[in-house]
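This structure is a prediction, so every number in the text was calculated from the model and none was measured. A note on names: the letters A, B, ... follow the listed sequences, proteins ahead of strands, and every chain is numbered from 1.
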Amino acid sequence: EEPSNDHDEL
Amino acid sequence: MNIFRLAGDLSHVVAVIILLLKIWKTRSCAGISGKSQLLFAIVYLTRYLDLFTTYVSLYNSIMKILFLSASGATLYFMYGKFRGTYDHNHDTFRIEFLLIPCGLLSLVINHEFTVMEILWTFSIYLESVAILPQLFMVSKTGEAESITSHYLFALGSYRALYLLNWIHRYIAESHYDLIAIFAGIVQTILYCDFFYLYITKVLKGKKLQLPA
């Protein structure tokens, strides 16, 4: 799985 | 959401509130770097553009709006209402030395070459070094008010707690984000010297004063 920007973290 | 993430977010909220209260109560932004505050505003603006594109949760949206508003209020105090108390002479860090490398790095190392992702990546890189003008200012004056050091401690703890959050997420969900992790480590390392002074001096009731 490609690691990506998690929009949940601030 | 795990306990480290929540603690990190709360620490971040406490930091921005301490800063606003300090400025508001003392009617002064003495000892605060307007350049660091400007960089943080750029960080929030470029990262939280996703408010308009991605809905995650009410908590997430509220926090993003809170950080954007607090940052805007801080800038208004520093460059508007209380600008007479802003100590320009000691705030001499050249922010282009941070903005340009972060901009270039975000163009080269990112998850995806899209405007939103590059801006997000830029904000992560910039946040990791945005405190440097403030630390430079403290080192120039050789001291910081206790309230300013509480602010810095809360702000530094936030990313350190996020490091624990990322370790937790890697173990629990196999989720990781190398850009955020690497920048988070850099950001935390930059605070280490300050953490040491805070624990050995400020917590013992002394003023944060650098050795001459």
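Within a 6.0 Å sphere centred on OH of B/Tyr170, other residues, nucleotides and ligands contribute 12 heavy atoms or fewer. For CZ of B/Arg83, the number of neighbouring non-hydrogen atoms (other residues, nucleotides, ligands) closer than 6.0 Å is 12 at most. Around atom OH of B/Tyr76, no more than 12 heavy atoms belonging to other residues, nucleotides or ligands sit under 6.0 Å away. Around atom CZ of B/Phe182, no more than 12 heavy atoms belonging to other residues, nucleotides or ligands sit under 6.0 Å away. Heavy atoms of other residues, nucleotides or ligands lying less than 6.0 angstrom from CD1 of B/Ile199 number more than 12.
When the candidates B/Lys64, B/Met1, B/Glu127, B/Arg5 are compared by the number of heavy-atom contacts under 4.5 Å with chain A, B/Arg5 comes out ahead.
The side chain to side chain contact (heavy atoms under 4.5 Å, CB included) test with A/Leu10 singles out one residue from B/Val13, B/Asp9, B/Leu66, B/Val56, and that residue is B/Asp9.
Between B/Asp50 atom CG and A/His7 atom NE2 the span is 5.5 Å, to the nearest 0.5 Å. With rounding to the nearest 0.5 angstrom, the CE atom of B/Met63 is 10.5 Å from the CG atom of A/Asp8.
Of the two parts of B/Asn165, only the side chain, counted from C-beta on, holds a non-hydrogen atom closer than 4.5 Å to a non-hydrogen atom of chain A. Looking at B/Tyr44, neither its backbone nor its side chain comes within 4.5 Å of chain A, counting heavy atoms on both sides.
With respect to the salt-bridge test (charged N to carboxylate O, under 4.0 angstrom), the residues B/Arg47 and A/Glu9 do not qualify.
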